[in-house]
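Beneath this line is the structure, given in structure tokens, with notes to follow.
Lettering follows sequence order; numbering is per chain, from 1.
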Amino acid sequence: MTVVTRFAPSPTGFLHIGGARTALFNWLFARHHGGQFLLRIEDTDRARSTEDAVEAIYDGLKWLGLDWDGDAVSQFTRVDRHREAVETLLASGKAYRCYCTPEELSEMRESAKADGRPWRYDGIWRDRDPSEAPVGINPVIRIKAPQDGETIIRDKVQGTVRVANDTLDDMVLLRSDGTPTYMLAVVVDDHDMGVTHVIRGDDHLTNAFRQYQLYVALDWDVPEFAHIPLIHGPDGAKMSKRHGALGVDAYRDQGYLPAAMRNYLLRLGWAHGDEEIISTEQAIEWFDLDNVGRAASRFDFAKLSNLNGHYLRSGDNEMLVAEITPMLEERRHEALSEGEKSMLVRAMSGLKERAKNVLELAESAYFYIARRPLVFTDKARSQLDNEAIVHLRTLVAAFGQMMTWEADVLEAHVRTYVDESDPPIKLGKVAQPLRAALSGTTVSPPIFDVMVILGQQETLARINDAISAANS
RNA sequence: GCCCCCAUCGUCUAGUGGCCUAGGACGCUGGCCUCUCACGCCGGAAACAGGGGUUCGAGUCCCCUUGGGGGCGCCA
């Protein structure tokens, strides 16, 4: 049997982090088994669904690298099929019309609450004769659920979960306006789409019981269920709009790499021994439901950040330059030339191991393509004191004479210079002023590497700029 | 309130009855490296929620308590 999983978000907002992980697990499970990963947009709630949200979901999944098979299914377009399923239920006596109005229902709810009784629809229309139906009221269709015994779910993550049927009531399948409810639509769609494994957040665990009953009533095979624990905010509270539940686009904007997000999300609730850095290929090979934990986990930015640093350091130079180019151009208000881009590619290995996100990478790379004269930070300017300028004057003269412009040659020359100064000075006494002159800051990759990447001409010009600035 | 789920360092987790004087990672921290900042390397502090069982033996199995979470809509 081919494995078919699905991700079924409702387009009422961005693709948030919890949804992203659910999608990832579904995707990994399908890819691991060589099966299919389908996408279904649960847009039956017309009032709350928007086109923008649908686009945001597509964008988020694409950015994460989670490709789905076939076209996304719009649940809304399948209402006829949903109604059809209810017709068969009505015909076989497994569903019935209920004429209670929403008002009556909420009254029943209120009084149950007042008496301290657990609320549950009492099924008064369950066995009533249709002739008693009041006129002028459009009924809802409810399932005729079993009233005794128990419903058992053998969840791939949560294990065997059981509930007494008398704690469940007859849920609504079709609203009085004829539209299907979520419970109906999920079951019909999952069945029609051939979904074999329903992997979703455990906030749906109790829904699974009712859905199970629906599958049975429809005489359909019940898929495997796997309810994965939710992700909580850093403070342990549920992730909500105002509680750290950002859209994946926000993570992209903060400079996180998709590979890092995948790795981080994967380790939130799933483990493979002591493995921490797990490539996507490896994840596909290893992923299984047995090793999904059952406890909710907290979102930890520090760890995500650390992982991001790892993927940045091992990231492809060209790819990274492509990532930061738009940021650099925006800041400089001027496009980068091909020469500058290739310079950045050469600079990347020195830069990427110092950044923990793409934003920082762009920030630290800017000085390479900044137009002269550089703007100095306060700390950089303080490095360029009188003593430093004396050293720079001597060095710039020597640098101008150099025939080979290589890091080790430059370093050897400067080391000799500091050693032979009288009295000998520390390398830092010269390296820091050089750094300030060349980068405008006090932090950069190794300064002799910087000189080589910048090239002799630019290096000399920047040092001379610093000397002139100090004189004025 | 009722129903369901969960519970190992601050955080993510390994652990499937003896290999656990509980391992790894992030974070924190001492040191090394060093032209800055990082990276890297070496070291440290840090956990089985509590109580009962079962067993020769329990972090691992059972029960209770406590604590968290989720669900109880003509939302999804």
Side-chain angles (χ1 to χ4, degrees), chain A residues 8-12 42-45 47-49 75 98 100-102 105-106 109 112-113 115-121 138-142 153 155 158-159 161-164 167-169 171-177 179 181-183 185-186 201-209 227 229-230 232 234 236-238 264 267-277 290-291 293-307 309 313 350-356 364 379 383 411 414-415 418 426-436 439 441-448:
Chain A
S10 53
T12 54
E42 308 228 314
D43 51 2
T44 54
D45 185 347
R48 295 202 299 163
S49 301
Q75 190 162 65
C98 164
C100 290
T101 63
L105 255 18
S106 58
R109 234 188 309 266
K113 197 174 178 182
D115 299 353
R117 285 179 288 123
W119 155 251
R120 200 170 299 139
Y121 170 66
N138 291 324
V140 298
I141 312 291
R142 288 181 184 270
I153 300 288
D155 194 276
Q158 305 292 340
V161 187
R162 54 183 68 208
V163 69
T167 64
L168 265 24
D169 60 8
M171 65 177 162
V172 173
L173 265 17
L174 227 45
R175 303 188 184 98
S176 50
D177 64 0
T179 59
T181 60
Y182 161 76
M183 290 290 184
V186 205
D202 72 8
D203 49 339
H204 287 282
L205 183 56
T206 49
N207 289 335
F209 294 118
H227 289 91
L230 266 19
H232 289 169
K238 184 189 178 185
Y264 179 70
R267 286 288 289 107
L268 223 45
W270 179 86
H272 187 266
D274 286 338
E275 301 293 337
E276 295 289 347
I277 302 295
D290 298 336
N291 290 301
R294 286 180 294 183
S297 46
R298 300 187 188 200
F299 196 87
D300 181 10
F301 279 96
K303 190 146 184 172
L304 204 213
S305 198
N306 173 272
L307 241 17
R313 287 193 291 282
L351 253 19
K352 66 186 181 185
E353 67 180 40
R354 293 173 165 70
K356 63 180 194 299
S364 67
K379 283 184 183 172
Q383 291 289 344
E411 177 164 357
V414 175
R415 282 191 186 277
V418 297
K426 291 191 142 190
L427 182 57
K429 277 291 200 181
V430 176
Q432 276 304 85
L434 275 173
R435 193 183 316 281
S439 75
T441 72
T442 54
V443 178
S444 83
I447 200 61
F448 303 110

Handout entry: Any donor-acceptor N/O pair, Arg415(A) side chain to Val418(A) backbone, under 3.5 Å
Key = no
Problem - Thr179(A) side chain reached by Thr44(A) side chain, heavy atoms, under 4.5 Å - result: no
Name the pairs: protein N/O against N/O of nucleotides 6-11 of chain B, kept only if under 3.5 Å.
| from | atom 1 | to | atom 2 | distance (Å) |
| --- | --- | --- | --- | --- |
| rC6(B) | OP1 | Arg294(A) | NH1 | 3.2 |

Exercise for the section: Specify the separation, in whole Å, of atom CD of Glu42(A) and atom C1' of rA76(B). Expected result: 7 Å
Completion exercise
Nucleotide by nucleotide, nucleotides 36-42 of chain B touches protein heavy atoms under 4.0 Å in the pattern (B base, S sugar-phosphate only, - none) BBBSS--
Problem - Closest to the Thr181(A) side chain, choosing from rC35(B), rC74(B), rU13(B) - result: rC74(B)
Exercise for the section: Would you mind reporting whether Val172(A) and Tyr121(A) have side-chain heavy atoms less than 4.5 Å apart? Expected result: no
Practice task
Let me know the distance between CG of Leu205(A) and P of rC4(B), rounded to the nearest Å.
Solution key: 11 Å
Handout entry: Presence of donor-acceptor pair under 3.5 Å, side chain of Thr206(A) and base of rC72(B)
Key = no
Exercise for the section: Would you mind telling me which of rA76(B), rC5(B), rA25(B) lies closest to the side-chain atoms of Asn207(A)? Expected result: rA76(B)
Handout entry: Full working for ring pair (Phe, Tyr, Trp, His ring centres under 6.0 Å) between Tyr264(A) and Phe299(A)
Key = CA-CA 10 Å; Tyr264(A) 179 70; Phe299(A) 196 87; 5.2 Å; yes
Could I get a table of every N or O pair under 3.5 Å where one atom is in the protein and the other is in nucleotides 64-67 of chain B?
none

Problem - Check: Asp274(A) side chain, rG23(B) base, donor-acceptor under 3.5 Å - result: yes
Problem - Partner nucleotide, any strand, of rG1(B) [Watson-Crick/G-U, under 3.5 Å] - result: rC72(B)
Exercise for the section: Specify the separation, in whole Å, of atom CG of Asp202(A) and atom P of rA76(B). Expected result: 20 Å
Practice task
Select one nucleotide: of rC12(B), rC3(B), rC74(B), the one nearest the side-chain heavy atoms of Arg142(A).
Solution key: rC74(B)
Problem - For atom CG of Asp177(A) and atom P of rC74(B), their distance in whole Å - result: 12 Å
Problem - C1' spacing across the pair rU8(B) / rA47(B), given as an integer number of angstrom - result: 6 Å
Handout entry: Among rA76(B), rC4(B), rC35(B), the one nearest Arg415(A) by side-chain distance
Key = rC35(B)
Practice task
Determine the Euclidean distance between corresponding P atoms of rC72(B) and rA58(B); express it in Å to zero decimal places.
Solution key: 42 Å
Problem - Side-chain touch Leu173(A)/Val140(A), heavy atoms, less than 4.5 angstrom - result: no
Problem - Interatomic distance where CG belongs to Asp155(A) and C1' belongs to rG70(B) [whole Å] - result: 13 Å
Handout entry: Residue Leu230(A), side-chain atoms from C-beta onward, closest of rA76(B), rC4(B), rG69(B)
Key = rG69(B)
Exercise for the section: Take atom CG of Leu307(A) and atom P of rG24(B), then tell me their distance rounded to the nearest Å. Expected result: 18 Å
Exercise for the section: In whole angstrom, give me the gap between the P atoms of rC62(B) and rG17(B). Expected result: 12 Å
Practice task
Return the value, rounded to whole Å, for the distance between atom NE2 of His204(A) and atom P of rC72(B).
Solution key: 10 Å
